[in-house]
Amino acid sequence: MEDPRRHLSDSDKMVLERLCSAGKAWIVGGWVRDILSDIQPKEVDYATSLMPREVMQLFPRNIPVGERYGTILVLKDEKTENHNDQNEETWEITTLRKDGSYGDGRRPDNVDFGHDILEDLSRRDFTINSMAIDGSNGELIDPFSGLEDLKSGILRAVGDAKTRISEDGLRILRAFRFINLENGKKRNLDNDLSDAIRQNVAMLDNVSEERKWNEFSQIISSSNANDILESMEGHGVLSRILPGISISSVNEIRLSADSTVSLALLCNNDSRSGPDLASYLKSILKLSNEEENVISFLHDIPKEAIEEKNDSILRIFRSCISEKMQLKMADYFGPKGEEYLQHSKDLKPLTAGKLPLIDGEHLMEITGLEPGPRLGRLKDWLQRKQIEEDLGTKEDVLQLLETINWREEDPESWGSLSWP
Ligand code: ATP
Ligand code: MG
């Protein structure tokens, strides 16, 4: 086998060499798995014989993200220019471990640092994730035949599946994430692992909302999402992480590469209102405010809304909905949504733009109305009409005042500035 270290970038090599100059180091985790499967790895994780304090001394720019558990996040020495913080290269460096017991079903109660890479690999989750590459000579260390499982497409727990799953509920979701292969193919759950998951679904209740969404969002936006969801359903996992939600039939629905849109699609049969559904999902999956807003918006769009494709309503759509939301809406409704979006884009730009030609002060002068709901609604209604009819001058807009009884009508009956 060729030396896998040649796939490391220059900065990855620099980190590895520095670790090897002070102690022992191995490449572990997803990088090894992905390189051996001809997949472009996302990040490199290192294991080392050095203690967390030593790693911190060796790499002065670091974040002790899990010092207690031996994990230090290392950043490049010099902050390179034109880097915004989110794109900065980082490496997770973890001191060799031998775990204690798992009292909370998620994290080991105590972590003992070890000296043996084999022992460290034996506490990892799946055989394909429990291989290491020796940093000093590039040799593959594969005590659980991970390479064989990788080649035959089997996801197998390290050691006794029931014990490993009952130690840590997060492994259930990780299992479903790892059965996805990016080329549209899937790995198969080994029978023991499958049984262990079925028997231990309650372990999911020990996993934090944030971690659940971190894994689940990757699953529902993956190329095999329907198949994986079907399997999750069969194992009793889906209803456990979305309790009380009326989940759509997973083998029939179309999902998206956008995890928020996929989640909305998965829940689109639920009878709650958009805001209620979104806030409930936020509470069980720790969604961000933005994700909450997207789901709330999408869930409340009536199906008929995208059937109605006249220029007036399309202009309102284009003016009142942010471009980001427009794309989410198109994605949510699939081909019909894309068509709707395209129609709205094909319209010529608004003659006078979307800002109101008649502002509040001007409207007060003309009507004599005091500031308040009536004036506010009237201003919005005029602006809506300006957009719908693509009016170009103040005179055009003012003429509208003659078409309604703005002094006496209920302002609530006037169309507001929103879509649909
Ligand atoms: P990714 O490509 O998504 O980073 P990964 O396998 O590297 O996948 P990480 O979360 O970075 O996942 O974890 C690194 C390694 O740590 C894993 O490959 C696995 O060996 C081990 N590991 C992570 N989480 C667990 C867990 N809950 N239980 C046991 N081992 C774990
Ligand atoms: Mg990783």
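Both counts, for ligands and for their atoms, begin at 1 and track the order of listing.
Only the side chain of Lys42 comes within contact range of ligand 1, with a heavy atom under 4.0 Å; no backbone atom does. Residue-level proximity to ligand 1 for Glu92 is absent, since no heavy atom of it falls below 4.0 angstrom. Looking at Trp31 against ligand 1, nothing comes within 4.0 Å, counting heavy atoms. Residue contacts with ligand 1 for Asp45 involve side-chain atoms from C-beta outward but no N, CA, C or O (heavy atoms, distance under 4.0 Å).
Salt bridge annotation for Asp3-Arg5: present, with a cationic side-chain nitrogen under 4.0 angstrom from a carboxylate oxygen.
Some N or O of Glu43 is nearer than 3.5 Å to an N or O of ligand 1, by distance alone. An N or O contact shorter than 3.5 Å links Arg171 to ligand 1 by distance. Every N/O-N/O distance between Asp34 and ligand 1 stays at or above 3.5 Å. Looking at Gly30 next to ligand 1, an N or O pair under 3.5 Å apart turns up. Taking distance alone, with nitrogen or oxygen atoms compared against 3.5 Å, Asp168 approaches ligand 1 more closely than that limit. The shortest N or O to N or O distance between Ser130 and ligand 1 is not below 3.5 Å.
When all heavy atoms of Arg171 and Arg164 are compared, the pair lying nearest together is NH1-O, 2.7 Å.
Residue Arg177 approaches ligand 1 through these ligand atoms, each under 4.0 Å from one of its heavy atoms: 3 (O). For ligand 1 and Asn129, the ligand atoms under 4.0 Å from any heavy atom of the residue are 6 (O), 18 (O), 19 (C), 20 (O). Residue-ligand proximity, Arg123 to ligand 1, at heavy-atom distances under 4.0 Å covers atoms 29 (C).
The aromatic rings of Phe176 and His235 lie perpendicular to each other, with more than 60° between the two planes, well past the 30° mark. Aromatic ring pairs are classed by plane angle as parallel below 30°, tilted from 30° to 60° and perpendicular above 60°; the pair Tyr340 and Phe317 is perpendicular.
Of the possible donor and acceptor atoms, one in the side chain of Gln386 sits under 3.5 Å from a partner among the backbone N and O of Gly353. Of the possible donor and acceptor atoms, none in the side chain of Gln199 sits under 3.5 Å from a partner among the backbone N and O of Ala196. The backbone N or O of Ser246 sits less than 3.5 Å from a side-chain atom of Asp270, completing a donor-acceptor pair.
Of the listed residues (Met131, Arg164, Arg124), the one carrying the non-hydrogen atom nearest atom 21 (C) of ligand 1 is Arg124.
Side-chain contact check for Ile247 versus Cys267: every heavy-atom pair is 4.5 Å or farther apart.
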Given side-chain hydrogen bond (donor to acceptor under 3.5 Å, both in side chains), test Thr94 with Thr71 step by step and report yes or no. CA-CA 4 Å; Thr94 306; Thr71 304; 3.2 Å; yes

Evaluation steps, side-chain hydrogen bond (donor to acceptor under 3.5 Å, both in side chains), between Glu308 and Asn310: CA-CA 6 Å; Glu308 199 193 341; Asn310 60 63; 3.2 Å; yes

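Of the residues listed (Lys348, Arg318, Arg384), the one engaging Asp390 in a salt bridge (charged side-chain N to carboxylate O under 4.0 Å, His left out) is Lys348, and it is the only one.
Separation of the Phe144 and Phe126 ring centroids does not fall under the 6.0 Å cut-off.
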Review item, side-chain donor-acceptor pairs of residues 36-46, under 3.5 Å, at least two apart:
unit_1: Ser37; atom_1: OG; unit_2: Arg33; atom_2: O; d: 2.5
unit_1: Tyr46; atom_1: OH; unit_2: Asp12; atom_2: O; d: 2.7

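At least one heavy atom of Arg33 sits less than 4.0 Å from an atom of ligand 1.
Counting only protein N, O or S atoms, 2 lie closer than 2.8 Å to the Mg ion (ligand 2).
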